[in-house]
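Note that this is a predicted model, so its numbers are computed, not measured.
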Amino acid sequence: MGELLRLVFVLAAIWLALRLLKRHSTPHFHSHREPSANRPSGGVTMLPCARCGVYIPQDDAIRSEGRVYCSREHALRGPDQP
């Protein structure tokens, strides 16, 4: 019985060692993603709307009185009006 237990332990240790070696030898695909064709290649600066707080691309932002808005309606209402 002692020999069987020792054999199971040795086999489990070999299996664990092989699994750890395999994990460290394979490349990590999730950490080296290539940019998707749908995403812009450069970084896009996002700005929060002064009215609702939604982030929008800097190029789409509407500027009024030194503030940034997501739409013309929010720019007309301003940051503090309901």
| Contacts of Glu3 that satisfy salt bridge (Lys or Arg N to Asp or Glu O under 4.0 Å) - sequence neighbours left out | Arg6
Only distances under 3.5 Å count here; give the side-chain donor-acceptor pairs of residues 52-65 to other protein atoms, sequence neighbours excluded, each with its distance to 0.1 Å.
none

| note | Joining Ile, Leu, Val, Met, Phe, Trp and Tyr whenever any side-chain heavy atoms lie under 4.5 Å apart, the cluster holding Val10 also takes in Ile14, Leu18
| field | Exercise: identify the closest heavy-atom pair between Tyr69 and Ala50 | value | CE2-CB, 3.8 Å
| request: Quick one: which residue pairs count as a salt bridge (charged side-chain N to carboxylate O under 4.0 Å, His left out) with a foot in residues 7-18, not counting sequence neighbours? | output: none
| message | According to side chain to side chain contact (heavy atoms under 4.5 Å, CB included), who are the partners of Leu11, at least two apart in sequence or on a separate chain? | response | Leu7
